[in-house]
Amino acid sequence: MNVEKTIEWVNTADYEGYSLMIDQTLIPYEYKKIKVNNSKDMYNAIKTMIVRGAPAIGIAGAHGVALAAIENKNSGNFIEDVKKLADYINSSRPTAVNLKWAIEKQMDVIYKNKEKSNLEIIKLLIQNAIKLENEDIEINKKIGDYGAEIVPKGATILTHCNAGALATVGYGTALGVVRSAFEKDKTIKVFADETRPRQQGARLTTYELTRDNIDTTLITDGMGAYFMKKGMIDVVITGADRIALNGESANKIGTYMVAIAAKYHNIPFYIAAPKSTIDPNIKTGEEIVIELRNKEEVTIINDKPICTDKVKTINPGFDVTPNELIKGIITEYGIFKPNEIYKLFE
Ligand code: MRU
C-alpha cells in the first residue's frame, strides 16, 4: 500500500534515528516535513500541534519513547529514566487516549525485555514504533471499508475537524470512510466544517480532500443545521479522541452541536475511530478530561484581536457527544451501536 505517511520513523544507524513529520501548523500555506530527534522536542511538537489528531499523536508518543530510550542508552537506570520522559510526553495533551495507549505499548516492550541490554531494547522499541505506524494505515483502510457501506450512493457527508490522513499515519478514519466510499462512487460530496478556533476543517480537511479530487465544500461551524434543514446533508461522520465504554465520544469542540442538529433532522451521525481510541478504563464520557486551550486562539485571528481585551474567554478543545445521538461507531472490527462498543474488550 503506497500511502505517504504524516509521521514516520527514519533510522540513521543501528539503534539511532528520528521522527519525520509534516508540520501541520503550516498547511495550507506550506507543505514541509520536520525532524524531531529528542523527547523534549516531541513533547513540544504534540503540544503545539505540529502533529495532531488522535492516532497521529499516538504514533508521535511511540516515537517519543524510542527517542527517550536513545537519549538514555548509557543510563544505569534505563527503565526509570525512560519512564519519566514517557510520562512527560504523555502530559503534552490530555484528551486523545491514543497517546497514552501507544506510550503504554512501548513501555510494555521495555518491561517485557528488561533482562536485555539497553541497545537491544532500543532496537525493539524502534521496531514496535514502525509496526504501530504500519498497522495504523491498515486499520484505517478497514474502517474505511466498513464505513463505506453506510454511505448512500451520491451522498453528501458532513464532517467536523480533520479526521483524515493528516490526523493519522495515513488514509484517515472519518476521511478514510470518505476515501473508501469515493473509490466506489465518485459522485459523493463532502461538506467540511471550518472548525474554529484552530480551523482544522478549513486548513487540513479541505486541503487533503481536494488533493484527492473529492468534491468538497467549506462551511463555517454555524451553517450545518441550515444545510441539514435544506436536505443537503445525508450523513455525518466525524472522528473521536476518546470513547468511553458506553460509547460517549469526545471529539473536537463543536461535534456535539453537529450531532444534536443531525438528530433533530433525522440524519445519521457516525463516529469513525480505531479500537485504540476507546478507553477501557472509563465507563462514561463524564470521565473524559477535556483540554483547555489558550484564550488567544479565540480572541486573535490573523494576528489581530477580534474583540476588546476586557472580554472573558473559555476555550475547551473538545466536547463529548452522548451515545443516544450516535447511530454507530465505525471501527476496524465493524460497526457497533455505541452502547455495545464495550464488547470489543470482552
Ligand atoms: O486538536 P486536534 O486537531 O488534535 O483534534 C483532532 C480531532 O478532534 C479529530 O477529530 C480526532 O483526533 C480524530 S482524528 C482521526
Side-chain angles (χ1 to χ4, degrees), residues 3 6-7 21-25 27 45-61 92-102 136-137 139-144 147 157-179 190 192-205 207-209 221 236-243 249-259 269-279 285 288-294 297-298 315-321 326 329-332:
V3 178
T6 296
I7 173 166
M21 61 179 74
I22 300 169
D23 183 343
Q24 299 193 40
T25 62
I27 292 177
I46 301 170
K47 179 109 191 140
T48 61
M49 295 172 69
I50 286 170
V51 58
R52 37 65 53 197
I57 65 173
I59 300 304
S92 55
R93 293 192 77 190
T95 304
V97 74
N98 307 61
L99 178 60
K100 178 170 173 270
W101 172 85
D136 180 74
I137 299 173
I139 288 168
N140 294 337
K141 290 285 274 183
K142 284 186 191 151
I143 292 173
I157 302 160
L158 176 72
T159 191
H160 190 76
C161 194
N162 173 266
L166 289 164
T168 60
V169 179
Y171 203 69
T173 57
L175 297 192
V177 176
V178 167
R179 287 195 164 91
V190 173
D193 278 349
E194 173 193 17
T195 318
R196 275 279 286 150
R198 298 278 305 203
Q199 293 164 324
Q200 291 94 327
R203 293 190 304 104
L204 308 175
T205 294
Y207 177 84
E208 60 170 274
L209 290 181
D221 296 339
V236 180
I237 312 173
T238 75
D241 292 84
R242 191 182 293 237
I243 301 173
S249 301
N251 191 49
K252 180 54 52 194
I253 191 78
T255 304
Y256 176 29
M257 198 169 68
V258 176
F269 174 96
Y270 287 91
I271 295 278
K275 186 180 173 190
S276 55
T277 299
I278 302 160
D279 186 343
I288 300 175
V289 177
I290 300 294
E291 177 180 19
L292 275 180
R293 298 188 57 86
N294 67 51
E297 286 186 348
V298 177
N315 183 15
F318 301 90
D319 56 29
V320 177
T321 298
I326 303 170
I329 301 178
I330 307 162
T331 75
E332 68 273 35

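Read the numbers this way: they start at 1 and go in the same order the structure lists the ligands and their atoms.
- The number of heavy-atom neighbours closer than 6.0 Å to OH of Tyr256, taken from other residues, nucleotides and ligands shown, is 12 or below.
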- Query: Going through the distances and angles, do Glu208 and Asn162 end up as a side-chain hydrogen bond (donor to acceptor under 3.5 Å, both in side chains)?
  - Reply: CA-CA 9 Å; Glu208 60 170 274; Asn162 173 266; 3.2 Å; yes
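- Here the side chains of Trp101 and Asp279 are not in contact, with every heavy-atom distance at 4.5 Å or above.
- Residues Arg293 and Val298 form no side-chain contact, since every pair of their non-hydrogen atoms from C-beta on lies 4.5 Å or further apart.
- Between Glu297 and Arg198, at least one side-chain N (NZ, or NE/NH1/NH2) sits under 4.0 Å from a carboxylate O, which counts as a salt bridge.
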Distances under 3.5 Å, N/O of ligand 1 against N/O of the protein: list each pair and its distance.
residue, atom, partner, partner atom, Å
ligand 1, 1 (O), Arg93, NH1, 3.4
ligand 1, 1 (O), Arg93, NH2, 2.8
ligand 1, 1 (O), Lys252, NZ, 2.7
ligand 1, 3 (O), Arg52, NE, 2.8
ligand 1, 3 (O), Arg52, NH2, 3.2
ligand 1, 3 (O), Gln200, NE2, 2.8
ligand 1, 4 (O), Gly53, N, 2.9
ligand 1, 4 (O), Arg93, NH1, 2.9
ligand 1, 8 (O), Asp241, OD1, 2.8
ligand 1, 8 (O), Asn251, OD1, 3.1
ligand 1, 8 (O), Lys252, N, 3.3
ligand 1, 10 (O), Asn251, OD1, 2.6
ligand 1, 12 (O), Ala54, N, 2.9
ligand 1, 12 (O), Asp241, OD1, 3.4
ligand 1, 12 (O), Asp241, OD2, 2.8

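- One finds the CD1 atom of Ile59 at 5.5 Å from the CG atom of Asp136 (value rounded to the nearest 0.5 Å).
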